[in-house]
Amino acid sequence: ERPMSDINTRLVFYLQRLSKVAGITVIVVACLVLVGWFLNITSLKSVMPGFATMKFNTALGFLLSGIALFGVERWSRIAVSASILVLVLGSLTLFEYIFGTNIGIDQLFVQEVASDLIAYPGRMSEATALGFSLISLSLLLIKQPKRTVPGQVLALLVSFIALLSLTGYIYDIESLYEVKIFSSMALHTTISFILLGLGVIFVLPEQGLHALLVTNGAGGWMARRLLPTAIIIPLVLGFLRLKGEQLGLYTTNFGLALFTVSIMSVFVSLVYWTARTVNHIDEERQMAMEALNAMNHDLEQRVIARTTELSEV
């Protein structure tokens with residue numbers, strides 16, 4: 001572990017508070033969806049007309065996951081129990097898909113009408129079941145010594161799966177939802193998984209894979225500024241490239257070339273800006289060291305002069 005003097009304690013505090021906010025947000029979303037199922041309010045079950053609905057069991061899994069995330073810092077029995085229940089829910093659903101069976105958990109609480117578009121009424125998608133299995137394991141591991149890194153890796157994997165689904169919504173990629181595991185993953189399911197993944201990572205931001213992000217050094221400073229840009233800029237440029245192609249402004253090949261050159265230009269600018277800032281910080285540090293050395297030299301000369309005067313006396 002890094003010395004406390006190397007860690008930005010204020011940033012750690014804010015990230016841990018964000019973890020709790022993520023847990024509360026997921027709980028609120030889950031409760032709204034549960035109300036939507038009980039009262040048959042379509043707008044609560046799906047964000048927009050035509051979008052996939054969040055299944056009842058999915059909302060129940062998010063409710064338990066949010067409770068577990070909110071209480072994981074103190075490692076309470078409620079948090080552990082909620083994590084285990086989520087693991088059981090996700091694992092049983094995966095069992096149904098793998099072995100092609102129905103064990104009766106999909107419509108245990110509410111009934112969903114079967115249709116041509118719904119192969120398994122009430123059942124969450126494979127990606128959702130896998131996400132619950134992974135996030136529950138990460139919640140169970142994150143607070144255990146020497147198992148923090150595996151817990152963070154699992155949380156990152158959940159975030160990656162959810163980000164892939166979110167990209168499909170942003171770019172309106174219908175082919176993504178022809179892939180079986182993403183066929184019925186709702187938009188608010190995707191966002192909730194991203195919040196859960198980030199929430200688990202922020203439980204112990206000063207440990208494991210992400211400790212660099214909260215350090216006071218130049219590496220931590222660079223990581224905090226470059227990582228968000230590396231995620232957001234490609235998404236925005238990809239969206240603009242797709243819309244331009246759909247509007248007929250250019251062909252697919254030109255759009256790909258434009259996207260590639262844009263990414264290169266952005267990251268070259270980022271590297272240049274970062275290098276200039278780091279050089280400026282290094283110059284200020286060098287000037288501070290020189291000033292400190294000058295003060296030490298002046299102090300030594302005064303001590304020598306004073307010692308000489310006392311010797312003469």
Side-chain angles (χ1 to χ4, degrees), residues 1-26 66 69-70 72-73 134-135 138-139 141-143 147-167 170 190-240 259 262-289:
E1 296 184 2
R2 295 178 179 270
M4 290 302 294
S5 57
D6 292 340
I7 295 175
N8 189 327
T9 54
R10 175 176 293 184
L11 180 59
V12 170
F13 173 80
Y14 284 130
L15 290 178
Q16 289 176 337
R17 298 289 79 78
L18 282 176
S19 176
K20 289 190 175 296
V21 170
I24 293 173
T25 303
V26 171
L69 177 59
F70 186 79
V72 71
E73 187 175 357
L134 295 177
I135 204 67
S138 67
L139 285 165
L141 294 174
I142 194 71
K143 290 290 289 184
R147 296 182 180 178
T148 299
V149 172
Q152 291 176 337
V153 171
L154 292 176
L156 280 175
L157 184 56
V158 172
S159 300
F160 173 79
I161 294 172
L163 186 60
L164 182 60
S165 177
L166 180 61
T167 304
I170 294 175
T190 297
I191 296 174
S192 297
F193 270 129
I194 293 175
L195 290 175
L196 284 176
L198 293 177
V200 173
I201 291 169
F202 292 159
V203 169
L204 294 172
E206 76 281 10
Q207 298 182 23
L209 298 174
H210 314 96
L212 177 65
L213 296 176
V214 295
T215 56
N216 290 317
W221 178 88
M222 290 177 60
R224 288 192 293 272
R225 282 155 179 78
L226 293 181
L227 277 180
T229 305
I231 296 172
I232 296 172
I233 293 297
L235 279 175
V236 174
L237 291 179
F239 177 78
L240 293 176
F259 174 77
S262 299
I263 288 289
M264 292 169 59
S265 302
V266 168
F267 280 99
V268 166
S269 301
L270 281 173
V271 170
Y272 179 76
W273 171 71
T274 303
R276 284 194 59 183
T277 306
V278 171
N279 279 340
H280 181 67
I281 294 174
D282 189 59
E283 290 173 0
E284 290 183 344
R285 184 177 300 172
Q286 187 66 28
M287 292 174 60
M289 290 294 297

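Among all heavy-atom pairs drawn from Ser19 and Gly199, the shortest one is OG-O, 2.7 Å. Here the shortest heavy-atom pairing between Phe202 and Leu15 reads CB-O, 3.3 Å. When all heavy atoms are compared, the tightest approach of Ile201 to Ala155 is CG1-CB, 4.0 Å.
Checking side-chain atoms of Glu206 against main-chain N and O of Ala211 turns up no donor-acceptor pair under 3.5 Å. Of the possible donor and acceptor atoms, one in the side chain of Thr148 sits under 3.5 Å from a partner among the backbone N and O of Ile142.
Thr25 pairs with exactly one of Leu196, Leu195, Ile191, Leu69 by the side-chain contact (heavy atoms from CB on, under 4.5 Å) rule, that one being Leu195.
The CG atom of Leu213 sits 8.0 Å away from the CG atom of Leu11 when rounded to the nearest 0.5 Å. Note: Thr229 OG1 to Trp273 CH2 = 7.0 Å, rounded to the nearest 0.5 Å.
Not a single salt bridge (charged side-chain N to carboxylate O under 4.0 Å, His left out) links Arg147 to another residue, sequence neighbours left out.
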- Item | Check against side chain to side chain contact (heavy atoms under 4.5 Å, CB included), Leu270 and Phe267 | CA-CA 5 Å; Leu270 281 173; Phe267 280 99; 4.1 Å; yes

- Test side chain to side chain contact (heavy atoms under 4.5 Å, CB included) applied to Val12 and Gln16, step by step: CA-CA 6 Å; Val12 170; Gln16 289 176 337; 3.9 Å; yes

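Judged by the 6.0 Å distance and 45° axis criteria, Arg17 is positioned over the aromatic ring of Phe13.
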